[in-house]
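The next block holds one structure in the form of structure tokens; read it before the comments.
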Amino acid sequence: MPPTLASLVQHSSLKLVVRAGEDRLDTPVRWAHVSELADPVPYMEGGELLLTTALTLDAEDLASMRRYVRRLLGAGVVGLGFAVGVNYEEIPPALLAAAREEHLPLLEVPRRTPFLAISKAVSAAISADQYRAVTAGFEVQRELTRAALAEGPDAVVARLAAHVDGWAALYDTSGSVVAVSPDWAARRAARLTPDVERLRARPAPASAVVGGTDDRVELQSLGTGRRVRGALAVGTAAPLGTAERYAVHSAIALLTLTTERSRSLQAAEQRLGAAILRLLLEGQADHARTVAGGVYGGLLDAPFRLLVAEPAGSEPAGEPALPLLAEDLEAAAARAGEAVLTVAESEHRLVVLAGDDGAVVTACGGYAAREAEEAGIVVGLSAPTAPALTAAAYKQAEQALSVARRRGRALVEHEDLAAGSVLPLLADDAVRAFADGMLRALRDHDATGRGDLVASLRAWLSRHGQWDAAAADLGVHRHTLRYRMRRVEEILGRSLDDPDVRMELWLALKATEEGAK
């Protein structure tokens, strides 16, 4: 504890006597300062014990002393030490009355006690308090280190919460709580996820203070580089002291070490993942399992999905989006105890293998819904597959990715394409241009008023070439319809007996219909 007025009064060699403000002696003293100025306030920082002999004060005027005492209190002065036997044999009644009215602690300093002795006592007490804080900090550091080595991050969080007499929580890269202590703080920690996400958007190291006076929370980012690897929240009822600050800094260092993998390990995992993916794409599933060993658990022994993600366009300013997506998916897998294989094929392509209907696939959908469009990412997701069919799944993911890019969507699953219609795919400028070119001669003919070839062609194709049914739909004789179809063949120079021609004409009609999407 720092020195207080009470500890100075109890100091046997100082012989200080309390004359006013007895109820405020537990106030900490930051420094002892000597001043004979009538107005020392401009030179005060707050927390000082002011020592004076009243050399320049009008100490016998009550109104003047009231103004003097009030200014001292307004500047944060915690006490006034008055030396008797120098300029005054005793404390002037006006000063004593003003101090008692305002409850300013007033200490009588005997003549044989020099101000220097009081200053030394305060300085020694402050130094001793700082030494105790540093010593306690080193002890906490040793305890947290032992906890990190023996039990992991959860133990570090629990020990830290106990040392700061509050609560602590650890967040992963996605802002989800992965450890909290005590248990009652879990709900409070979860409410801070938006604050953690804002902290994550800033370059590391970053910090923030949130909450009110009864629950002050400090947020600290974790990570050695510019990218935030996680966050630590520490909640206390009051600002942290020196010893508590040491404990927090030690916890940050240890949690950074336990949550951030070395670059060499990351590079090794990338090479391993790339080798496994290459073997799978080459159809060598058994060799891929041998190379994977137990690193990826049972990922290759059950149906999995293959995900391909790319930037939608040029990367936005700031943190590249693909590495952040990879970290979010890896964090989701870690929380669920699932295996996931991520491979950065290039700076602009991420490939992920994850269990079918697992936490990673769910997290990917959530990421697309919340952030992918803003971050400028498009994602294609294959249908569930087996290792032997990885190459086909890769093609499915690429096809889904292409559709996602064309439709302006963040995520498209290949299964959705197979279950839907091919007609939305016609909403493409190149397809429309082809359709317009193919039908232009027929439309030009109709524009002259010499017939209705486009409508007749549409009716005939929709009835699969059945003359009577198509003619009935148009309200014309079947011979009239036959004549129109011969004119279509003549104008286009193509035979309607060719199924490819029929298909192309039908798709051209659908692509140019008003409202085609």
**OP:** State which residues pass salt bridge (Lys or Arg N to Asp or Glu O under 4.0 Å) with Arg278; sequence neighbours excluded, sorted by chain then number.
**Re:** none
Original post:
Around atom CD of Glu22, are there more than 12 heavy atoms of other residues, nucleotides or ligands at under 6.0 Å?
Top reply: yes
**OP:** Work out which heavy atom in Ala75 is nearest to a heavy atom in Val41; give both atom names and the distance.
**Re:** CB-CG1, 3.7 Å
Original post:
Does the side chain of Ile91 come within less than 4.5 Å of Val84's, by heavy atoms?
Top reply: yes
**OP:** Report the residues that fulfil salt bridge (Lys or Arg N to Asp or Glu O under 4.0 Å) with Arg66, sequence neighbours left out, ordered by chain and then residue number.
**Re:** Glu101
Original post:
Going from CG on Leu280 to CG on Leu341, what distance comes out if it is rounded to the nearest 0.5 angstrom?
Top reply: 8.0 Å
Subject >> CG-CD distance between Leu299 and Glu338, expressed to the nearest 0.5 angstrom >> reply: 9.5 Å
**OP:** Check whether any side-chain heavy atom of Leu401 lies under 4.5 Å from a side-chain heavy atom of Val412, and answer yes or no.
**Re:** no
Original post:
Should Leu170 and Leu222 be marked as a side-chain contact (heavy atoms from CB on, under 4.5 Å) after you check the CA-CA gap, both sets of side-chain angles, and the distance that decides it?
Top reply: CA-CA 10 Å; Leu170 175 64; Leu222 304 177; 3.4 Å; yes
**OP:** Considering non-hydrogen atoms only, spot the tightest contact between Leu272 and Val291 and give its length.
**Re:** CD1-CG1, 3.5 Å
Original post:
If you round to the nearest 0.5 Å, how far is CG of Leu325 from CG of Leu307?
Top reply: 7.0 Å
**OP:** For Leu49 and Gly81, work out which heavy atoms get closest and say how close.
**Re:** CD1-N, 3.9 Å
**OP:** Please check if the side chain of Thr53 supplies one atom and the backbone of Ala83 the other of a donor-acceptor pair under 3.5 Å.
**Re:** no
**OP:** Decide if atom CG of Asp183 counts as having more than 12 heavy atoms of other residues, nucleotides or ligands within a radius under 6.0 Å.
**Re:** no
**OP:** Over all heavy atoms of both residues, which pair between Arg111 and Val86 is shortest? Give the atoms and the distance, please.
**Re:** NH1-CA, 3.7 Å
**OP:** May I ask you to decide if Ala189's main-chain N or O and Tyr171's side chain share a donor-acceptor pair within less than 3.5 Å?
**Re:** yes
Original post:
Among all residues two or more places apart in sequence or in another chain, which pass the salt bridge (Lys or Arg N to Asp or Glu O under 4.0 Å) test with Asp39?
Top reply: Arg71
**OP:** Output yes when a side-chain donor or acceptor of Thr236 lies under 3.5 Å from a complementary backbone atom of Pro239, and no otherwise.
**Re:** no
Original post:
Would you call Ile276 and Leu300 a side-chain contact if the rule is heavy atoms closer than 4.5 Å?
Top reply: yes
Original post:
When you look at Tyr246 and His249, which way does the side-chain contact (heavy atoms from CB on, under 4.5 Å) test go after all the steps?
Top reply: CA-CA 5 Å; Tyr246 271 108; His249 288 168; 5.9 Å; no
**OP:** For the residue pair Val69 and Leu95, establish whether any side-chain heavy-atom pair is separated by less than 4.5 Å.
**Re:** yes
Original post:
Is Arg305 reaching over with its side chain to a backbone N or O of Ser382, donor-acceptor style, under 3.5 angstrom?
Top reply: yes
**OP:** May I have the step-by-step check of side-chain contact (heavy atoms from CB on, under 4.5 Å) for Tyr394 and Val351, ending in yes or no?
**Re:** CA-CA 9 Å; Tyr394 190 91; Val351 180; 4.1 Å; yes
Subject >> Between CD on residue Gln10 and CG on residue Leu16, distance to nearest 0.5 Å >> reply: 11.0 Å
Original post:
Side chains of Arg188 and Leu192: closer than 4.5 Å at any heavy-atom pair?
Top reply: yes
Original post:
Any side-chain heavy-atom pair from Thr52 and Phe82 closer than 4.5 angstrom?
Top reply: yes
Original post:
Does CD belonging to Glu45 count more than 12 external heavy atoms closer than 6.0 Å?
Top reply: no
Subject >> Validation row: Pro153, Val178 side chains within 4.5 angstrom (heavy atoms) >> reply: no
**OP:** Answer yes or no: is there a donor N or O on one side and an acceptor on the other, between the side chain of Glu36 and the main chain of Leu55, under 3.5 Å?
**Re:** yes
Subject >> Closest non-hydrogen atom pair, Leu232 against Leu255 >> reply: CD1-CD1, 3.8 Å
Original post:
Does Glu398 pair with Arg349 as a salt bridge, N-O distance under 4.0 Å?
Top reply: yes
**OP:** Would you name the heavy atoms of Arg100 and Ala20 that are closest together and state the gap between them?
**Re:** CG-CB, 3.6 Å
Original post:
Hey, is the main chain of Arg159 close enough, under 3.5 Å, to the side chain of Glu143 for a donor-acceptor pair?
Top reply: no
Subject >> Option from Ile252, Val234, Leu199 for which side chain to side chain contact (heavy atoms under 4.5 Å, CB included) with Gln220 holds >> reply: Ile252
Original post:
Is there side-chain contact between Arg19 and Leu96, with heavy atoms separated by less than 4.5 Å?
Top reply: yes
Original post:
When rounded to the nearest 0.5 angstrom, what distance separates CG in Asn87 from CG in Leu57?
Top reply: 9.5 Å
Original post:
Which value, rounded to the nearest 0.5 Å, describes the distance between His163 atom NE2 and Glu244 atom CD?
Top reply: 10.0 Å
**OP:** Check the pair Ile377 / Leu322 against side-chain contact (heavy atoms from CB on, under 4.5 Å), numbers first and verdict last.
**Re:** CA-CA 8 Å; Ile377 290 179; Leu322 289 181; 4.2 Å; yes
